[in-house]
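The structure appears right after this line, and notes come after that.
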Amino acid sequence: MTGPPLLERYRDLLARDGEAFPISLGEGGTPLIHARRLGAEFGLERLHLKFEGPNPTGSFKDRGMVLAVNRAVGEGARAVVCASTGNTSASAAAYSAPAGLPCHVILPAGKVARGKLAQALAAGAQLIMVDGNFDAALAAVRRLGEEGVAVVVNSINPDRLTGQQTAAFEVVDDLGDAPDALALPVGNAGNITAYWRGFHRYADAGRTPGGKLPRMLGFQAEGAAPIVRNEPVESPETVATAIRIGNPASWAGAVAARDESGGVIETVTDDEIIEVQRMIVRLEGVFCEPASAAGVAGVRRLASEGRIGPHEVVVCVLTGHGLKDPDAVQAEEGSLTPIPADLDSIRKAMGL
Ligand SMILES: *Cc1c(COP(=O)(O)O)cnc(C)c1O
């Protein structure tokens, strides 16, 4: 990526007076891809993918983490801490490194995708695995923050959501206007809250023509859908580990985004998530992680029900890179079994 770092690009909307942002890993500036083939499948002419995989650690979390860690440094923090389903820990670990800050991450044992774990380990974060889910880990982290042990860099840190607003700014800049609808997965509900605030902020600043705002379309996995069910889910379960959350911290923000924008928050099944994840990469070449496909699966359903019109401008946020969770991709039966290395065998295997 060229040009100024993300926080400098939108300094007028983000920074406090004279604030310095010494740390950047080249976050933001991610592509908005016109998904023509996928759109044709859904009957949508103007479907776009905001692909957050190209961020430094492979997810949108970097947009907020860069601001949270710069401010932690500015405030003389001694360490950072987070609870994580995986991507927050990968991002916190990376940004803590140039900051010279110890990074502690609390993770639900056995439920973090392999790539994310590797990232946090590689960057030297201290990993603490707990027998409990994300919600339990976040409850502990809140207490540690209150005790002043370390700066909490979960999305309960307001700097995280402020930084994440930049994704909405970029969507408007790239389209030249706000879309009619913006769809995304909802886990802890920080991102839907941040996008909605971001679209508002940009419109209020006179940077969105006509002050247009999109409908916000949030999707939860069926086994982890507290907002849809209107009550916390004790034991959330889904293949989309990034949204395996039963008691979202930004619950109220998500509901406000839905209601103020005339949008929806609904569920999609794990089968839909995996099927649509595959469609996105096979039709568009964009490989996202399972959670990211939840928003697209939801758009497919709404389009099929006529709740999104064929000419509407729709943006689906692909929140994280597919390489984060290689175990979510299944090889076809026998396709990885070796055959003899001669030309005839290879021709035969190719079906020629
Ligand atoms: C964090 C995350 C989400 C969920 O975002 P929230 O802000 O927690 O709702 C979705 N997808 C990916 C890839 C994530 O890392």
Side-chain angles (χ1 to χ4, degrees), residues 27 30 49-65 68 82-92 94 105 107-108 111-113 115-117 119-120 133-135 137-138 153-158 160-165 167-168 182-198 216-221 224-228 236 238-255 257-258 265 268 273 277 280 286-298 316-325 328:
E27 54 287 328
T30 57
L49 306 173
K50 176 66 171 166
F51 184 38
E52 292 288 87
N55 274 298
T57 76
S59 86
F60 74 84
K61 299 294 198 297
D62 295 340
R63 295 179 179 276
M65 197 61 70
C82 64
S84 181
T85 60
N87 280 332
T88 297
S89 65
S91 187
V105 305
L107 300 160
K111 298 295 180 182
V112 177
K116 304 174 189 181
L117 208 54
Q119 288 179 290
N133 58 31
F134 171 84
D135 304 288
L138 183 60
V153 294
N154 280 103
S155 56
I156 55 175
N157 178 331
R160 279 278 311 279
L161 297 196
T162 302
Q164 285 174 212
Q165 290 183 20
L182 182 115
L184 76 177
V186 174
N188 214 20
N191 211 27
I192 189 170
T193 303
Y195 264 96
W196 180 236
R197 286 185 193 158
M216 301 296 293
L217 314 176
F219 295 92
Q220 301 197 290
I227 298 173
V228 178
T238 167
V239 288
T241 51
I243 53 172
R244 186 174 168 272
I245 292 175
N247 192 10
S250 297
W251 193 316
V255 168
R258 176 192 67 194
I265 298 178
V268 290
I273 287 172
Q277 179 196 24
I280 299 165
V286 179
F287 183 31
C288 67
E289 69 169 283
S292 306
V296 185
C316 293
V317 184
L318 301 184
T319 47
H321 203 290
L323 289 172
K324 295 264 190 184
D325 193 357

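Read the numbers this way: they start at 1 and go in the same order the structure lists the ligands and their atoms.
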Parallel, tilted or perpendicular: ring planes of F287 versus H321, cut at 30 and 60 degrees: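 Aromatic pair F287/H321 classed perpendicular.
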Any residue meeting salt bridge (charged side-chain N to carboxylate O under 4.0 Å, His left out) with R244, in chain and number order, not counting sequence neighbours: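 Only E237 meet the salt bridge (charged side-chain N to carboxylate O under 4.0 Å, His left out) criterion with R244.
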Contact check, side chains of L184 and C316, non-hydrogen atoms, under 4.5 Å: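 The answer is no; the side chains never approach within 4.5 Å.
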Proximal protein residues to ligand 1, non-hydrogen atoms under 4.0 angstrom: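 If the criterion is a heavy atom under 4.0 Å, then ligand 1 touches F60, K61, N87, P185, V186, G187, N188, A189, G190, N191, A242, I243, E289, A291, T319, G320.
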Under 3.5 Å, sequence neighbours excluded: what are the donor-acceptor pairs made by side chains of residues 189-198?
unit_1, atom_1, unit_2, atom_2, d
N191, OD1, Q164, NE2, 3.0
T193, OG1, A189, O, 2.7
T193, OG1, A254, N, 3.4
W196, NE1, E260, OE1, 2.9

Test side-chain contact (heavy atoms from CB on, under 4.5 Å) applied to N247 - qualifying residues, sequence neighbours left out: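 Testing N247 for side-chain contact (heavy atoms from CB on, under 4.5 Å), a comparison that skips the adjacent residues, returns D135, P232, W251.
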Inter-residue atom distance I156.CD1 - S250.OG, 0.5 Å rounding: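 Result: 9.0 Å between the selected atoms.
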